Amino acid sequence: MPKLSKTLIATATFAVIATSAFSEAAWDFKAGMAYVYGGPGKMSAMAMAPAEKNHEAMMKSAKKVPDNTVFFMDNGSLYYTSGRLDPTGNFYVN
């Protein structure tokens, strides 16, 4: 199964945060799909070409997103940091 790159995951995550209220429901990332964050309010999802060559090209620069990565928007820019949020939304550094 193809793996999503850190950029694609970050893009999808930020778009969800930027366009809707945060909820405790898990996000549903699907294998074979690419999620692209193109800036504030610009999120897209599309099926990736299934060719192995395409997958290899993406994986050359892909990085795994570490556990406890928090994504957030500030002044229209997407950011991420390492840490965790408690149920009330307070941030704690690991």
Side-chain angles (χ1 to χ4, degrees):
M1 275 193 155
K3 295 179 183 178
L4 296 176
S5 72
K6 181 177 180 177
T7 302
L8 294 176
I9 293 172
T11 298
T13 302
F14 287 123
V16 169
I17 292 170
T19 60
S20 65
F22 182 77
S23 74
E24 292 183 28
W27 296 312
D28 188 20
F29 291 101
K30 297 185 184 323
M33 292 294 294
Y35 303 89
V36 181
Y37 173 76
K42 297 178 184 173
M43 174 66 183
S44 62
M46 64 186 304
M48 294 186 296
E52 184 64 26
K53 196 172 191 178
N54 183 54
H55 179 253
E56 289 172 5
M58 287 182 67
M59 291 305 293
K60 282 184 181 178
S61 61
K63 295 173 182 65
K64 184 177 178 182
V65 176
D67 292 346
N68 298 316
T69 299
V70 178
F71 301 95
F72 61 97
M73 295 291 295
D74 185 50
N75 291 326
S77 294
L78 181 63
Y79 293 89
Y80 71 96
T81 188
S82 179
R84 61 184 175 85
L85 296 173
D86 70 15
T88 64
N90 290 306
F91 174 76
Y92 298 93
V93 176
N94 289 342

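Keep in mind that this is a model prediction, so the values were computed, not measured.
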When you measure from the side chain of Y35 to the backbone N and O of M43, does any donor-acceptor pair fall under 3.5 Å?
no
Closest non-hydrogen atom pair between P40 and G76, with its separation:
CG-O, 2.8 Å
Atom of M48, atom of M33 and distance for their closest heavy-atom approach
CE-O, 3.7 Å
Just verifying a value: how many Å separate M59 CE and E52 CD, rounded to the nearest 0.5 Å?
10.0 Å
Taking the inter-plane angle between the rings of Y80 and F71 on a 0 to 90° scale, is it parallel (under 30°), tilted (30 to 60°) or perpendicular (over 60°)?
tilted
Connected via hydrophobic side-chain network under 4.5 Å: V70 and V93
yes
Distance (rounded to the nearest 0.5 Å) between F91 CZ and D86 CG:
11.0 Å
Does CG in D67 sit with more than 12 non-hydrogen atoms of other residues, nucleotides or ligands closer than 6.0 Å?
no
